[in-house]
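Scroll down for the structure; my scribbles are underneath it.
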Amino acid sequence: MRQARPYSAMFAGGVSARTGPHALPLARIKKIMKRSAGDSSGSVIVDGGGGARMISGEAPVVFSKACELFIAELTRRAWAATLDGKRRTMHKEDVAAAVQNTDLFDFLVDVVMADLGHDDDHMD
């Protein structure tokens, strides 16, 4: 009988040895959380800027699910822009259109426009 390969569950959307039942690696999320909590660039400052020393085991799981939902919603809206353009391949312009056309993603407008090389003066 043929055995499943270790990575076959990843492609099938199941549990993998690397990330468990989560699509995003929890160790990476935890690392980003720790780095962001102590960031001096105006991000969240905890205890006078000392950074988050301890993060519960549940917090990265919640962030992982939130990231999955965020990516899925942005992808759905970008795919709609792709179909409006009568194409079958999503481009970064489709993601930019999804961000521009959705109030929920207003916090990303500056990032997307900078990536596309546009200034705010050229919009609308």
On a heavy-atom basis, which atom in [X] and which in [Y] lie closest, and how many Å separate them?
X: Lys30; Y: Pro60; value: CB-CG, 4.2 Å
X: Ala97; Y: Ala81; value: CB-CB, 4.1 Å
X: Ala59; Y: Met33; value: CB-CE, 3.8 Å

Calculate, to the nearest 0.5 Å, the distance between atoms [atom1] and [atom2] belonging to [X] and [Y] respectively.
X: Lys86; Y: Asp84; atom1: NZ; atom2: CG; result: 7.5 Å
X: Ile29; Y: Ile55; atom1: CD1; atom2: CD1; result: 11.0 Å
X: Thr82; Y: His91; atom1: OG1; atom2: NE2; result: 7.5 Å
X: Leu26; Y: Glu58; atom1: CG; atom2: CD; result: 11.5 Å

Arg28/Ile32 under side chain to side chain contact (heavy atoms under 4.5 Å, CB included): CA gap, chis, key distance, verdict: CA-CA 6 Å; Arg28 178 72 178 132; Ile32 292 168; 4.0 Å; yes
Given the rule that I, L, V, M, F, W and Y join up when any side-chain heavy atoms are under 4.5 Å apart, are [X] and [Y] in one cluster?
X: Val111; Y: Leu104; answer: no
X: Leu116; Y: Val95; answer: yes
X: Val109; Y: Phe107; answer: yes

Residue Phe105 excluded, over 12 heavy atoms near CZ under 6.0 Å: yes
Residues Leu83, Arg88; criterion side chain to side chain contact (heavy atoms under 4.5 Å, CB included); working and verdict: CA-CA 7 Å; Leu83 295 178; Arg88 300 285 297 165; 4.1 Å; yes
Pairs where residues 89-107 contributes a residue and the test salt bridge (Lys or Arg N to Asp or Glu O under 4.0 Å) is met, not counting sequence neighbours: Arg87-Asp94
4.5 Å side-chain heavy-atom contact, Val99 and Met113: no
